[in-house]
Amino acid sequence: MKSISRILTITAIFFFIQLTAEAQRRNADKNFSLAFGAGYFQGFVSDDGVAYDNAIYDPNVGPGVSYFISFDYHLSESFAIGLGYNGNYAGAEFVRNATVGEETINGFLVAGAVTNSHILLNATFQIPGEGIQPFGKLGVGYITQQVENGDVPLRLTNIVETEVFPDFKSSGFVVLPELGLRYQSFYLSLAYTLPFDELTGEDNPDGFVSPGTVSSTGLQLNLSYRVFLF
């Protein structure tokens, strides 16, 4: 039984390799492609002058997810340009031991998150050939960022949704370099978000002022697949 299972597995792998190679040959005369994928995201947050009289600011960003899509035009086997979208989300904790009214919240507030949304112009260079090949990509464009500080339990705000500690937000220019390995139509890569603007606290007259600024970057480990269209 184990021998039959091993033979079937080897046959399936061989068939998949042949199918992928045949797809590459059919794609040789196509210039437009669509790449899409997802991966692991780890955000990094630092602050300058963020301090509250009634709480401790203590960033703790957990692991998250990245997701992306790119439409590209291939100028040659080695070089392509395109337009893409890249998004990231990670749960996080920022404000702890906050005092609201006369009650102290022991520990962090309820929920929180780091989110990034990129619209990018991409330039991709890859070494043509068979087997596993390196590639590099540089994305430049526009990013929208948000650091959500978290929510105060509703019982402390008279069951009214309000951001007692306003979120930090920004939007502006970003660079997203990426390096990885390609095998046929599959890509495995590391990408790093490098925004040029710091995040500032929202204006919220119903809550406490969020002073100072926050800087947010992010590392992605991505797996993607490319389909040639026409």
Side-chain angles (χ1 to χ4, degrees), residues 27 30-47 59 61-76 78-92 94 111-126 134-149 163 166-182 185-203 210 213-230:
N27 292 334
K30 297 179 180 180
N31 295 326
F32 290 91
S33 70
L34 187 70
F36 53 91
Y40 169 86
F41 168 71
Q42 180 63 60
F44 304 98
V45 173
S46 60
D47 68 279
V61 183
V65 296
S66 61
Y67 43 93
F68 50 91
I69 190 169
S70 179
F71 181 70
D72 299 297
Y73 176 71
H74 295 259
L75 299 168
S76 68
S78 301
F79 190 69
I81 56 175
L83 178 65
Y85 172 82
N86 182 298
N88 317 131
Y89 174 87
F94 293 100
V114 172
T115 57
N116 298 321
S117 180
H118 315 69
I119 297 176
L120 301 166
L121 292 174
N122 294 316
T124 304
F125 176 79
Q126 61 185 31
F135 80 94
K137 179 188 290 187
L138 180 64
V140 296
Y142 185 82
I143 184 174
T144 300
Q145 298 177 280
Q146 178 169 319
V147 166
E148 183 181 350
N149 277 329
E163 290 185 331
D167 300 336
F168 288 88
K169 292 184 177 181
S170 78
S171 58
F173 185 72
V174 67
V175 174
L176 186 69
E178 184 174 352
L179 291 173
L181 298 173
R182 171 183 66 91
S185 296
F186 292 92
Y187 295 75
L188 179 66
S189 63
L190 283 173
Y192 197 77
T193 298
L194 292 170
F196 279 61
D197 294 316
E198 295 179 319
L199 295 84
T200 57
E202 291 183 288
D203 183 17
S210 290
T213 58
V214 169
S215 297
S216 175
T217 59
L219 178 68
Q220 303 174 40
L221 174 61
N222 294 325
L223 178 64
S224 59
Y225 184 78
R226 184 176 299 279
V227 178
F228 281 84
L229 303 174
F230 50 89

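Looking only at distances, a side-chain donor or acceptor of Q42 sits under 3.5 Å from a matching main-chain atom of V61.
Scanning all heavy atoms of the two residues, the minimum distance from V114 to A92 falls at CG2-CB, 4.3 Å.
Within the 4.5 Å cutoff, no side-chain heavy atoms of Q146 are placed close to those of T144. At least one side-chain heavy atom of F168 sits less than 4.5 Å from a side-chain heavy atom of N149. Side-chain contact between Y89 and F41 is absent, with no heavy atoms from C-beta onward closer than 4.5 Å. For the pair L121 and L83, the minimum side-chain heavy-atom distance is below 4.5 Å.
Screening L219, I143, N116 for a side chain to side chain contact (heavy atoms under 4.5 Å, CB included) involving N88 leaves a single residue, N116. N222 pairs with exactly one of F68, Y67, Y40 by the side chain to side chain contact (heavy atoms under 4.5 Å, CB included) rule, that one being F68.
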Under the criterion side chain to side chain donor-acceptor pair (under 3.5 Å), I'd like the reasoning laid out for S117 against Y85: C-alpha separation, chi angles, the key distance, then a yes or no. CA-CA 8 Å; S117 180; Y85 172 82; 3.2 Å; yes
Check against side-chain contact (heavy atoms from CB on, under 4.5 Å), Q220 and N86: CA-CA 10 Å; Q220 303 174 40; N86 182 298; 3.1 Å; yes
One pair to check against side-chain contact (heavy atoms from CB on, under 4.5 Å): V140 and F173. What are the steps and the verdict? CA-CA 8 Å; V140 296; F173 185 72; 4.2 Å; yes
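Around CG of L190, the count of heavy atoms belonging to other residues, nucleotides or ligands within 6.0 Å exceeds 12.
Atoms OG and CG, from S215 and L194 in turn, are 11.5 Å apart once rounded to the nearest 0.5 Å.
Between F125 and F79, the ring center distance fails the sub-6.0 Å criterion.
Applying the side-chain hydrogen bond (donor to acceptor under 3.5 Å, both in side chains) test to residues at least two apart or on different chains, the pairs with a partner in residues 187-197 are H118-T193, Q126-Y187, E178-S189, Y187-R226, Y192-T217.
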